[in-house]
Amino acid sequence: MPITVDWNDRARAFIKCEFSDPWSLDQFIEARKTWYRMIKSADHHVPIVLDMRETYEAPAGALRHFSAIHRTPHPRQGQLYVLGLNPPYRQLAPYIFRCQDGAEHSVRLVDSIECVSLAP
């Protein structure tokens, strides 16, 4: 499966969404619907980790949908972490996630899963 969405563990502290090539825009839209349902089942703010370490290509329209993650979050969606960006994502990240110069505080680019903060 090119995009998987699951809780990090039984405690359901955060949701991890892993991408691997090739994936489609429809699969990404379904993944987002899945994590919305998962967040609804939680009684706390839920951080989202987008694990991009295994993807190097983006289908047409994907960049717009990535930026929508933090523009239209679920009310209990916590911090958005983007893990392991590869080209072309690394160069486009400031535009996709609107996080250049710390402008968008709801998005953090990280290099390891250990950087995920579970604080509310």
Side-chain angles (χ1 to χ4, degrees):
M1 192 80 179
I3 302 177
T4 60
V5 180
D6 205 353
W7 291 105
N8 66 310
D9 60 20
R10 298 181 97 208
R12 302 182 344 163
F14 64 88
I15 293 171
K16 187 173 178 187
C17 182
E18 295 179 303
F19 292 76
S20 61
D21 290 335
W23 56 276
S24 72
L25 183 56
D26 288 338
Q27 290 166 329
F28 178 66
I29 292 169
E30 285 304 311
R32 189 167 180 218
K33 288 177 185 177
T34 298
W35 83 56
Y36 262 55
R37 286 190 300 272
M38 294 166 70
I39 291 172
K40 279 182 174 181
S41 74
D43 61 358
H44 56 87
H45 276 80
V46 179
I48 306 290
V49 175
L50 300 181
D51 186 343
M52 308 293 288
R53 293 176 291 184
E54 297 298 321
T55 183
Y56 295 85
E57 300 176 13
L63 303 183
R64 181 173 51 88
H65 282 275
F66 274 127
S67 66
I69 295 170
H70 64 86
R71 282 193 327 247
T72 57
H74 185 282
R76 283 193 305 269
Q77 178 175 310
Q79 183 80 43
L80 176 66
Y81 294 91
V82 184
L83 172 63
L85 288 176
N86 293 308
Y89 299 108
R90 185 162 294 281
Q91 291 179 332
L92 297 173
Y95 307 101
I96 298 169
F97 301 108
R98 307 256 189 272
C99 58
Q100 68 271 26
D101 301 322
E104 179 53 65
H105 299 291
S106 65
V107 179
R108 294 219 174 130
L109 306 180
V110 297
D111 292 323
S112 74
I113 200 76
E114 290 77 23
C115 295
V116 175
S117 170
L118 302 181

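- Counting all heavy atoms, side chain and backbone alike, L25 lies closest to P59 at N-CG, 3.6 Å.
- V46 approaches W7 most closely through the heavy-atom pair CG1-CZ3, 3.6 Å.
- Comment: D51 engages K16 in a salt bridge, judged by a side-chain N to carboxylate O separation of less than 4.0 angstrom.
- Closest heavy-atom contact between P47 and A13: CD-O, 3.2 Å.
- To the nearest 0.5 Å, the span separating CD1 on I3 from OG on S20 amounts to 8.0 Å.
- When atom types are taken as modelled, the side chain of Y36 and the backbone of H74 share a donor-acceptor pair closer than 3.5 angstrom.
- Between R32 and E30 there is no salt bridge, since none of the side-chain N atoms of the basic residue sits less than 4.0 Å from a carboxylate O of the acidic one.
- The two residues M52 and L85 come nearest to each other via the heavy atoms CG-CD2, 3.9 Å.
- The same ILVMFWY cluster, assembled from side-chain heavy atoms under 4.5 Å apart, contains both I39 and V5.
- The two residues A58 and W23 come nearest to each other via the heavy atoms CA-CZ2, 4.1 Å.
- Distance CZ/R76 to NE2/H44: 9.0 Å, rounded to 0.5 Å.
- Atoms CG and CH2, from D6 and W35 in turn, are 13.5 Å apart once rounded to the nearest 0.5 Å.
- Judged by distance alone, the side chain of D111 and the main-chain N or O of L83 form no donor-acceptor pair under 3.5 Å.
- Under the 4.5 Å side-chain heavy-atom criterion for grouping Ile, Leu, Val, Met, Phe, Trp and Tyr, I15 is not connected to I29 through any hydrophobic cluster.
- When hydrophobic clusters are built by joining Ile, Leu, Val, Met, Phe, Trp and Tyr residues whose side-chain heavy atoms come closer than 4.5 Å, directly or via intermediates, Y56 is not grouped with L50.
- At distances below 3.5 Å, at least one donor-acceptor pair connects side-chain atoms of S41 with backbone N or O atoms of M38.
- For F28 and F19, the ring centers are positioned less than 6.0 Å apart.
- For the atom pair CG of D21 and CD of E54, the computed distance is 8.5 Å after rounding to the nearest 0.5 Å.
- Between atom OH of residue Y81 and atom CD1 of residue I113 there is a gap of 10.0 Å, rounded to the nearest 0.5 Å.
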